[in-house]
Amino acid sequence: MAKAKTRKRTSTHIGDNIFVMHGEKAIFIAIVGLVVLMIVKGSGLPEFKLTPEQINQASAAAKNNIETSKVKPAEVDPGVVVYDYSDYSNLIKTAVKVNAYETPVRWDQSLFPDRIKRPDIVPLPVENLKAVACIGSISYVSKKAASAGANPMGDMGGMGDPGMMGTSVGGGEEKGRQWITITGSIPVRRQLADYMSRFSAAQYTDSYRDQPKYIFYDIERGTAKGDGTIEWKKLDLIKAMRNENNRWAGIGMEQVDMSYFAPVDPNYPTMAMPCPPMTNRLFGEEVANLPNIPVQSEEMMEQASIEMEKRNQLLSKMQNVRFDDIIKRSPFADNQMAGGEMGGGMPSGGMDGPMGGPSGGAGQGAGTPGWMVNRKALGTVSLESNVAPVDYYLFRYFDFDVLPDQTYVYRVKLNLANPNYGLDQNFVEDPKTVTKTYITSDYSAESNPVSLGMDSRIFFENIEEVAKGAPGQEPVLTVASIYFDKDSASESMVKGLKVVRGQVANFPKQNHKPIENNKQSTMGMGSMDGGMMPGIDGPAPPKKKKKKEMGKVVNHVSEICVLDAFGGYPIPKTDIRSPARALILEPNGLVQMRELSEDVRELNRYENQQTAPGGPGMGMEGAMPGMM
């Protein structure tokens, strides 16, 4: 048998195994050798000999070179934007603006609302200002009675001796006068809501300060010039009321409910001037302010007479007043109140009250302010309710200082007692306001233009229907003309007169038959004085006709041109007619659209047939067209 062959190991195989087994040691020895070599090489470098002080000096010198360098970035490279990183570094010290992350609900809502300093109040202006030209017979104190010392109206228009207030003085003289009645609406409810919203969270609250108190007003009369501009003149309110109202023999019957009058403060003028004692008829819508302030019904006038008598007694307490006294007097000096409340209703507890008033200690509701005592006496408003009895108070002014050949417009701004007057400066936002006695509204919008007109006035009664089958036929208007005789202070009316478009409504040679007024138009001796109360004890006896009035012939000249007529025709399948209107041109060049329904209401006054609430046309906006 053959023997198996064996393989002999060679030296190459043995060498490969040695490298695998000892290669790591060789690499380690090489690295150690390199490190030794580097140490040997580095040992020949020079020694670092700078001290710490030398290093700091070199650093300061380098910084100084950088700061004093005059090389600007633009000189290096205009395209390079260099930022001032010192400013950017300061941003880390500023709090992050969180406006974008705010939520309407506070995360740490407190149990009680935060108390703030008292803000300023912006008074609301008069609204719906109207001007109406009027003519009538006014009763004045006779010269004989005046020489005897009779002064029924006192100073400031009905504010004289208490025993004479509201009386009709014997020996009065009737004079034919023309004047302009200006009325407006004072938005008291919205003003009170603004007070409550601003002061409800204040640190200092006061039940009397924190509601609007109207103390006086500024009224300006504008006269239209030929070039279309208006020349404004501020009226002297005190002087005008003394020159006119003090000479009245009593006052006229009031047609507006007492709830629409601002509370009376005898130290200040009233917002609504008392009506003059017009003897030939009752006042109407011209002394109210439709649609905000209506005329009261005839049924309510009996109770109104009693309330007006009480109001007049309060007005009678006013003494001679100067404008300087009005603007300097503390508007809260007469209040029987404490110094208000601190914080969330906590009484002031002995702290001094507002300047000019008594000291605190009793808190809110300690007494009744003098300027609202009449409200409480008449029972027209609750002092504790803080709710205005009506939406609007009446503004009213009678301007007798006017000329017949002028066209006028009016504007008014209100002055309210400053609720922050005399308070500690720490309680108000603006410390400068505590020295102001009153705050002022903006001027109201201008009134409608108005002029006195002529002695005759035109009232439209009806528009006659154009006959069918007669196209192009002119509409015919039926009018009534009322003539006022200034010499006898009497009026006469002619009805059923016909006019067409383009005709001037003048009617010459008419018999003057004075209209008899069988209703009491002025307030006589009230129940407080033991005499007759208008509307209770019956009407005044009719006046006797004067001989010179009998058979008198007068010319009814109105100079009103009828431009056009609209409506007044029956509506098919109904019992009503379309609204009738007439377009007229007045003597002063004003063009006016007249509602026939309003003229009918005015004619009812002359015929002693007053329209009750809910009657035709009640509540329509606009003044008395027949008075324009």
Side-chain angles (χ1 to χ4, degrees), residues 129-135 178-182 221-231 285-286 402-410 446-466 472-484 491 493-510 554-569 578-603 606 617 620-628:
L129 196 67
K130 296 181 181 181
V132 181
C134 303
I135 188 170
Q178 286 183 286
W179 66 93
I180 295 177
T181 302
I182 304 98
R221 180 178 60 212
T223 305
K225 297 298 181 180
D227 57 358
T229 60
I230 297 178
E231 180 181 351
E285 297 172 10
E286 73 274 15
V402 286
L403 301 175
D405 298 330
Q406 300 288 344
T407 299
Y408 302 105
V409 291
Y410 294 85
E446 297 175 7
S447 70
N448 55 286
V450 62
S451 60
L452 293 180
M454 311 299 290
D455 292 341
S456 294
R457 288 150 294 149
I458 296 298
F459 300 89
F460 292 94
E461 298 181 83
N462 188 26
I463 297 180
E464 296 183 4
E465 184 178 0
V466 177
Q473 181 178 346
E474 288 286 336
V476 178
L477 293 89
T478 304
V479 302
S481 178
I482 297 180
Y483 172 82
F484 183 80
E491 290 176 308
M493 178 169 57
V494 180
K495 301 184 65 176
L497 302 171
K498 307 293 183 180
V499 295
V500 296
R501 289 186 295 190
Q503 179 178 343
V504 177
N506 293 337
F507 307 98
K509 297 182 180 180
Q510 302 292 329
V554 297
N555 295 324
H556 288 234
V557 179
S558 68
E559 297 296 347
I560 290 178
C561 180
V562 180
L563 301 179
D564 207 347
F566 313 91
Y569 306 131
S578 61
R581 302 174 181 175
L583 186 67
I584 67 169
L585 175 63
E586 296 184 359
N588 60 353
L590 298 176
V591 177
Q592 180 189 9
M593 181 71 73
R594 293 266 289 269
E595 297 280 349
L596 268 69
S597 59
E598 296 180 0
D599 283 23
V600 170
R601 295 204 307 272
E602 178 69 2
L603 283 173
Y606 287 90
M620 297 179 62
E621 185 168 354
M624 307 298 292
M627 303 288 287
M628 301 290 284

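In what follows, every heavy atom counts, from backbone to side chain, and hydrogens, waters and symmetry copies are set aside. Along the sequence shown, residues carry numbers from 1. Quick caveat, the model's predicted, so the values are computed rather than measured.
Heavy-atom minimum distance, Leu590 versus Pro449: CD1-O, 3.7 Å. Pairing each heavy atom of Leu583 with each of Phe566, the nearest pair is CB-CE1, 4.1 Å. Summarising the geometry of Ser558 relative to Ile458, their closest heavy-atom pair is OG-CG1, 3.4 Å, with the distance given to 0.1 Å. The heavy-atom pair separating Gly453 from Gln178 by the smallest distance is O-NE2, 3.8 Å. For the residue pair Val450 and Ala133, the shortest heavy atom distance occurs at CG2-N, 3.6 Å. Taking both residues in full, the closest heavy atoms of Gly222 and Ile230 are given as CA-CG2, 3.5 Å, listed atom of the first, atom of the second, then distance.
The backbone N or O of Leu452 sits nowhere less than 3.5 Å from a side-chain atom of Tyr408 that would complete a donor-acceptor pair.
Every side chain to side chain contact (heavy atoms under 4.5 Å, CB included) that Leu585 has, sequence neighbours left out, goes to Cys561, Leu563, Val591. Checked against salt bridge (charged side-chain N to carboxylate O under 4.0 Å, His left out), Lys509 has no partners two or more places apart in sequence or in another chain. By the side chain to side chain donor-acceptor pair (under 3.5 Å) test, Thr181 is found to be paired with Trp179, residues two or more places apart in sequence or in another chain being considered. Contacts of Tyr483 classified as ring-ring contact (aromatic ring centres under 6.0 Å, His included), with partners at least two apart in sequence or in another chain: His512, His556. Scored by the side chain to side chain donor-acceptor pair (under 3.5 Å) test, Asp227 finds Thr229 as partners (sequence neighbours excluded). Annotation: salt bridge (charged side-chain N to carboxylate O under 4.0 Å, His left out) contacts of Glu446 (sequence neighbours excluded): none. Applying the side chain to side chain contact (heavy atoms under 4.5 Å, CB included) criterion to Val500, with sequence neighbours excluded, gives Val476, Gln503. In this structure, Asn462 has no side chain to side chain donor-acceptor pair (under 3.5 Å) partners at least two apart in sequence or on a different chain. With sequence neighbours excluded, the residues forming a side chain to side chain donor-acceptor pair (under 3.5 Å) with Thr478 are Lys498, listed by chain and number. Annotation: side chain to side chain contact (heavy atoms under 4.5 Å, CB included) contacts of Ala224 (sequence neighbours excluded): Thr407. Partners of Glu559 by side chain to side chain contact (heavy atoms under 4.5 Å, CB included), not counting sequence neighbours, listed by chain and number: Met454, Val504, Asn506, Val557, Pro587.
Between Arg594 and Glu586 there is no salt bridge, since no side-chain N of the basic residue sits under 4.0 Å from a carboxylate O of the acidic one.
Put simply, the residue from Val479, Val494, Asn555 that forms a side chain to side chain contact (heavy atoms under 4.5 Å, CB included) with Phe507 is Val479. Screening Glu461, Glu285, Glu595 for a salt bridge (Lys or Arg N to Asp or Glu O under 4.0 Å) with Arg601, the sole residue that qualifies is Glu285.
To the nearest 0.5 angstrom, Gln592 atom CD is 8.5 Å from Asn448 atom CG. Rounding to the nearest 0.5 angstrom, the gap separating the CD1 atom in Ile135 from the CZ atom in Phe484 is 5.0 Å. Atom CG in Leu477 sits 11.0 Å away from atom CD1 in Ile584 (nearest 0.5 Å). Atom OG of Ser481 and atom CD of Gln510 lie 7.5 Å apart (nearest 0.5 Å). The OG atom of Ser451 sits 9.0 Å away from the CG atom of Asp405 when rounded to the nearest 0.5 Å. One distance of note links CE of Met493 with CZ of Arg457; it measures 10.5 Å at 0.5 Å rounding.
Counting only heavy atoms from C-beta outward, the side chains of Arg221 and Val402 approach each other to under 4.5 Å.
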